[in-house]
Participant: 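Take this structure first; my questions come after.
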Amino acid sequence: MTKKSAILHFKAELVERPVLSGLIRDHDVSVNILQASVTPDEDGTMFVQVDGEPANVKRAFAYLDEMGVRLVFPAKNLVWDEERCTSCGACVAQCLPKALAVDEETNRISLDDSRCIACELCIPACPFGALESVTEHLG
Amino acid sequence: MKKTYEEINEKIKKGKAVVVTAEEIISMVRERGAKKTAAAVDVVTTATFGPMCSSGALLNTGHTRPRMNYKKAWINDVPAYCGIAAVDIYLGATAIPDDDPENKVFPGKFGYGGGHVIEELIAGREVVLRATSYGSQCYPRREIETRISLKDLPCATLLNPRNAYQNYNVAVNAKSRRSIYTYLGILRPNMGNATYCSAGELSPLMNDPHYRTIGIGTRILLGGGVGYVINHGTQHDPDVERNDRGVPTGGAGTLAVMGDMKGMNPKYVRGVSMTGYGVSLAVGIGVPIPVLDEEVVRACAISDADIVAPVWDYSDDYPNLKGEPIAHVTYAELRSGHILIGKKKVETASLSSLPLAREIAGLLKKRISAGRFLLSQPAETLPGAGSKITCGPLAERPVKKTSSRARPR
């Protein structure tokens with residue numbers, strides 16, 4: 001069994017459709033909704049934990065992607081926007097468990113979520129707004 | 001073996017120029033020597049990407065109907081300077097909205113400012129221009145509020161008075177017992193970490209330490225588009241002590257640059273929020289260096305191990321403009337992830353992005369190789385050591401208190 005957290009971003013038109021029923025019924029996974037903001041005719045967000053056989057969990061996320069749900073996978077409580085990240089290194093100096101690190105060859109930043117302790121010290125250190133807590137991300 | 005700008009440009013036009021980056025040339029010179037490398041290579045590309053204060057956008061909005069002479073103007077609530085002409089405004093990178101909470105609840109977030117507006121404009125997004133004035137007979141209008149985007153502006157020039165510092169400080173917190181929030185990031189107490197901000201061996205002025213080829217009129221890549229060096233930058237200070245390779249051992253030369261924002265890529269011009277400090281703009285700059293002779297190649301062969309930077313205490317010495325560097329360390333040490341200060345091992349982190357600097361050096365290399373970017377010979381070289389251009393502290397003089405509106409003369 002495997003457990004994976006994700007933030008789902010729904011476009012307004014998707015809010016009308018029964019996306020989660022398909023997820024649970026067709027993929028044999030259990031879904032724990034930790035936080036949700038879904039209102040008719042507006043873009044919505046949902047923070048979920050998906051639990052099941054690894055292959056099923058993988059297919060479940062592929063299904064969501066196919067449905068047009070934008071998926072964001074946080075590390076513990078941290079959302080890292082790789083598009084906004086310039087790989088400077090300002091966060092690395094604040095990350096005591098070394099979840100955020102600079103690759104010696106490429107000098108690019110990597111994030112090892114198994115090491116992240118959700119202390120959030122890296123968030124205010126990022127000059128480019130590339131790091132957010134899940135709460136900030138859900139707005 | 002000597003080459004002229006004309007000869008190099010002829011090769012570029014024919015698509016036959018040999019172009020390498022300032023990183024690639026290091027091993028070439030090590031393996032083949034300077035003489036052979038100078039014969040083989042025509043252009044070396046250098047680059048840097050990092051927060052660079054003293055940046056801003058010179059914008060002309062086009063005239064309003066009826067006409068208006070802006071006295072105060074804001075873009076997305078960030079104030080811009082209007083004291084230039086009717087609809088010319090200068091939006092500084094470090095400007096923040098009038099109602100920004102600043103550091104009232106410390107440390108402030110500084111989530112949005114001039115740098116972010118510049119990024120949004122270059123990204124093609126709509127922003128809101130608001131302006132007020134007093135009205136005159138030829139410029140009667142008193143207020144305006146409208147959406148604008150970059151393509152609507154008759155003129156939008158990134159005009160940065162000081163970029164691309166030749167070398168820069170390494171910052172530590174030596175004396176405060178709490179974390180301090182600086183423009184070089186968050187510094188933990190007891191020298192818990194050290195931050196620096198330079199592309200080192202890839203950085204433009206590190207590869208042209210005596211300003212032989214980079215000067216007024218040098219065509220560069222600015223924010224991914226074409227730009228020019230227009231002068232030595234503010235605080236240009238060529239007399240800083242130099243090492244045996246001629247590279248300054250602290251911040252020294254700087255560049256004033258400009259370029260048309262309409263040709264730029266928002267990936268290389270980015271708003272920056274420094275918690276507890278303020279906002280700024282991260283700028284990507286690529287500068288080509290023509291291989292005129294062996295000397296140029298020798299200078300470009302400089303590597304991180306040959307360049308030292310001063311370590312300053314940002315908890316006391318730096319803010320109070322006193323004291324001396326705590327130590328000097330090489331960029332090779334800084335890149336290794338930690339430096340030794342006395343017996344203390346201090347973790348290091350960079351504020352400038354080496355991957356993006358590499359990308360920009362590669363982009364410039366590609367454009368020159370493809371014959372799409374020619375080199376320009378500077379109209380004037382930048383002031384060098386002994387030029388008397390220098391940068392010292394402000395000497396304050398007491399002001400006589402006189403009646404209300406009198407100005408000191």
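Per chain, numbering begins at 1; letters A, B, ... match sequence-line order.
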Participant: Which atoms of Lys267(B) come close to chain A, meaning under 4.5 Å heavy atom to heavy atom: side chain ones, backbone ones, both, or neither?
Facilitator: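 Contact with chain A: none, neither part.
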Participant: Is the shortest heavy-atom distance from the side chain of Leu351(B) to the side chain of Pro127(A) under 4.5 Å?
Facilitator: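 SC-SC contact between Leu351(B) and Pro127(A) confirmed.
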Participant: Can you tell me which of Asn107(A), Leu121(A), Val102(A), Ile109(A) forms the most heavy-atom pairs within a distance under 4.5 Å of chain B?
Facilitator: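 The candidate making the most pairs under 4.5 Å is Asn107(A).
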Participant: So which of Thr195(B), Val272(B), Val279(B), Thr348(B) has the biggest tally of heavy-atom pairs under 4.5 Å with chain A?
Facilitator: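 Maximum pair count with chain A is reached by Val272(B).
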Participant: Checking Ser352(B) against chain A: side chain, backbone, both or neither under 4.5 Å from a heavy atom?
Facilitator: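 The answer is the backbone of Ser352(B).
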Participant: Measure the CZ-CZ distance between Arg84(A) and Arg270(B) for me, rounded to the nearest 0.5 Å.
Facilitator: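 Reported to 0.5 Å precision, the distance equals 4.5 Å.
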Participant: Minimum heavy-atom separation for Gly271(B) and Phe128(A), please, with both atom names.
Facilitator: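 Gly271(B) and Phe128(A) have their closest heavy atoms at O-CD2, 3.8 Å.
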Participant: How many angstroms lie between SG in Cys126(A) and CD1 in Ile186(B), if you round to the nearest 0.5 Å?
Facilitator: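 Spacing of SG (Cys126(A)) from CD1 (Ile186(B)) equals 10.0 Å.
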Participant: Kindly compute the distance separating CD (Gln94(A)) from OG (Ser179(B)), expressed to the nearest 0.5 Å.
Facilitator: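 If I round to the nearest 0.5 Å, the distance is 6.5 Å.
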Participant: Counting C-beta onward and ignoring hydrogens, is there a side-chain heavy-atom pair between Glu347(B) and Lys98(A) closer than 4.5 Å?
Facilitator: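 A side-chain contact under 4.5 Å exists here.
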Participant: Would you give the length of the straight line joining atom CZ of Arg108(A) to atom CG of Leu354(B), rounded to the nearest 0.5 angstrom?
Facilitator: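 It is 9.5 Å, given to the nearest 0.5 Å.
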Participant: So for Tyr181(B), is it side chain, backbone, both, or neither that comes closer than 4.5 Å to the heavy atoms of chain A?
Facilitator: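 For Tyr181(B), no heavy atom lies under 4.5 Å from chain A.
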Participant: Please rank Glu119(B), Glu359(B), Lys109(B), His116(B) by heavy-atom pairs under 4.5 Å with chain A and give me the top one.
Facilitator: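 The answer is Glu119(B).
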